[in-house]
Amino acid sequence: MEKIFATPKPGVLVRHENGKPLDPAGEAVERTSYWLRRERDGDATLGPVPEQPAAAAETAVKAKS
């Protein structure tokens, strides 16, 4: 399924379908009708998932090892 980047509007607590709060800085989530409704209702902004620079991605992989 396609991923999108969801960011809550300032001052709005947006929850995932499982009840966990969405990170105020935004998170990559699956593009579902749930997130499309959050955008339509004005609670969140949806956009493309930002790409990590290659150096940052390599560092993240090494840190997990």
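Being a predicted model, the structure only gives us computed values, none of them experimental.
To the nearest 0.5 angstrom, Thr7 atom OG1 is 10.5 Å from Glu39 atom CD. Rounding to the nearest 0.5 Å places OG1 of Thr45 at 11.0 Å from CD1 of Ile4. How far OH of Tyr34 is from CZ of Arg15: 9.0 Å, rounded to the nearest 0.5 Å.
Between Leu22 and Pro8 the shortest heavy-atom distance is CD2-CD, 3.5 Å. When all heavy atoms of Gly26 and Phe5 are compared, the closest pair comes out as C-CZ, 3.4 Å.
Residue Leu13 is found outside any hydrophobic cluster, as its side-chain heavy atoms come under 4.5 Å of no other Ile, Leu, Val, Met, Phe, Trp or Tyr.
Using modelled atom types, no side-chain atom of Asp41 and backbone atom of Asp43 make a donor-acceptor pair closer than 3.5 Å.
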Next on the checklist: Run Glu17 and Glu30 through side-chain contact (heavy atoms from CB on, under 4.5 Å) and show every step you take.
Outcome noted: CA-CA 11 Å; Glu17 291 177 88; Glu30 296 289 332; over 6 Å; no
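Val14 and Leu36 fall within the same hydrophobic cluster, where Ile, Leu, Val, Met, Phe, Trp and Tyr residues are linked whenever their side-chain heavy atoms come under 4.5 Å apart, directly or through other members.
Annotation: side-chain hydrogen bond (donor to acceptor under 3.5 Å, both in side chains) contacts of Asp23 (sequence neighbours excluded): none.
Considering only heavy atoms from C-beta on, Arg31 stays 4.5 Å or farther from Leu46 through its side chain.
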